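All values reported here derive from a predicted model rather than from experimental measurement. Position 1 is the first residue of the sequence, and the numbers go up from there.
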Amino acid sequence: MNRSNICIFVAAHRPIDWRLPEYCEKLEVNCSAQKELWDGYLHDNFGDNISDKNYCYSELTALYWAWKNSDAAIKGLCHYRRFFTRFTSDTMIPIFKLHRDFLADECLEAAAIRAALEGPYDIILTKPYGPYPDTAREELEKYVYQQDISAMEHVIREYFPEYSQCLGQVLDSRNLSYYNMFIASGKVFDDYCQWLFDVLKLVEDSVDITQYDRQHQRLFGYLGEVLLNVYVKRQHLKCFYCKAGFLEQDFSVKNRGKVFLLRHFHRLHEFLYDHGCYPLMLKLYKIFRKPSYERLKNYEIH
């Protein structure tokens with residue numbers, strides 16, 4: 001697949017019937033387990049792929065496919081219901097609720113992506129959640145067995161010792177960019193993927209997941225979220241952060257109105273922040289809203 005500009009791959013295990021930004025390519029995942037493939041999609045079981053590992057690598061099978069089968073100048077990964085929005089201010093609200101009718105208009109513009117990566121930034125990430133009440137390690141332990149986290153730490157110590165200190169710092173931190181979502185130049189994208197999948201292959205060879213339940217079998221997707229932050233920290237990549245947009249699943253007329261109002265609330269929120277009203281906003285937010293982690297824990301991380 002040849003492309004000279006921007007290509008953001010949208011990992012999808014459900015059909016997408018809403019308008020996406022022009023730079024997005026729909027990529028069906030877990031295709032090796034499907035009897036019929038969707039028309040109009042790329043498929044993660046074509047070319048060089050690890051589609052048969054989707055049950056344990058989650059959206060990383062899409063990342064692997066993009067690494068091995070695309071030579072776009074700028075590449076990235078997002079999800080069928082999580083996207084990069086155009087909202088970037090460092091406010092207390094790290095996510096943005098999207099309705100499918102507004103999605104393409106609220107996503108990060110191609111010009112902004114190009115300006116960031118051709119300018120001072122090396123990578124575009126989702127705005128970190130946090131500070132969480134738990135460390136990244138404690139949060140990870142909710143989804144991954146401790147012995148598998150230890151296996152990752154052992155692999156880093158033994159084979160990539162220059163990353164060991166950064167791994168410890170990331171696991172002890174309370175602010176991470178999640179979802180395995182990022183956008184970067186083709187070189188940064190490919191270099192990261194080479195390192196990531198080398199690490200995960202060594203971890204995979206050292207653990208036995210055959211008796212794990214479905215959630216714990218997905219450990220490599222969860223570990224990937226941590227390792228992205230480790231790589232960015234160790235390589236001293238300059239990050240451009242923007243809010244993750246969560247696609248609203250309720251498309252009723254009533255909920256469409258709610259999302260419409262939230263959309264304009266976010267715009268007002270950004271405007272007030274940009275004009276120096278953050279201290280007052282934060283005081284009001286603490287009075288009238290729950291802490292962000294209490295609300296955000298209701299969302300699926302994966």
How would you list, by chain and number, every residue that makes a salt bridge (Lys or Arg N to Asp or Glu O under 4.0 Å) with D190, sequence neighbours excluded?
K75
Stepwise side chain to side chain donor-acceptor pair (under 3.5 Å) test for S51 and N49:
CA-CA 6 Å; S51 179; N49 71 86; 4.8 Å; no
Is it the case that the side chains of E59 and N180 hold a donor-acceptor pair, with the cut-off being a distance below 3.5 Å and no angle test?
yes
Atom CZ in F84, atom NZ in K127: separation rounded to 0.5 Å?
12.5 Å
Side chain to side chain contact (heavy atoms under 4.5 Å, CB included) partners for Y212, two or more places apart
Y145, Q147, D148, I209, H216, Q217
The criterion is side chain to side chain donor-acceptor pair (under 3.5 Å); which residues satisfy it with N30, sequence neighbours excluded?
none
Hey, is OH on Y159 packed in by over 12 heavy atoms from elsewhere, all under 6.0 Å?
no
Once side chain to side chain contact (heavy atoms under 4.5 Å, CB included) is applied, do any residues pair with D122, and if so which ones, sequence neighbours excluded?
L237, K238
Treat each ILVMFWY residue as a node, draw an edge where side-chain heavy atoms are under 4.5 Å apart, and state whether M152 and L202 are in one component.
yes
Which residues pass the side chain to side chain contact (heavy atoms under 4.5 Å, CB included) test with Q165, sequence neighbours left out?
Q169
Grouping I, L, V, M, F, W and Y whenever their side-chain heavy atoms are under 4.5 Å apart, do L125 and Y178 come out in a common cluster?
yes
Can you tell me how the ring of F160 sits relative to the ring of W195, calling it parallel under 30°, perpendicular over 60° and tilted otherwise?
perpendicular
Of all residues at least two apart in sequence or in a different chain, which pass the side chain to side chain contact (heavy atoms under 4.5 Å, CB included) check with A66?
F9, F189
Using the side chain to side chain donor-acceptor pair (under 3.5 Å) criterion, which residues pair with D172? Sequence neighbours excluded.
none
For R137, salt bridge (Lys or Arg N to Asp or Glu O under 4.0 Å) partners two or more places apart:
E153
Residues, nucleotides or ligands: over 12 heavy atoms within 6.0 Å of K233 NZ
no
Tell me, with the steps shown, if D198 and Q194 meet side chain to side chain donor-acceptor pair (under 3.5 Å).
CA-CA 6 Å; D198 283 350; Q194 181 69 68; 3.2 Å; yes
Partners meeting ring-ring contact (aromatic ring centres under 6.0 Å, His included) with F197 (sequence neighbours left out):
Y64, W67
R114 vs E109, test: salt bridge (Lys or Arg N to Asp or Glu O under 4.0 Å). Steps then yes/no.
CA-CA 9 Å; R114 194 173 293 108; E109 301 93 337; over 6 Å; no
State yes or no: do L37 and L27 share one hydrophobic cluster built from I, L, V, M, F, W and Y residues joined by side-chain heavy-atom distances below 4.5 Å, directly or via other members?
yes
So, using salt bridge (Lys or Arg N to Asp or Glu O under 4.0 Å) as the criterion, who are the partners of R19 when residues are at least two apart?
D105
Checking F220 now: which residues fulfil ring-ring contact (aromatic ring centres under 6.0 Å, His included) with it, not counting sequence neighbours?
Y57
The criterion is salt bridge (Lys or Arg N to Asp or Glu O under 4.0 Å); which residues satisfy it with K68, sequence neighbours excluded?
none
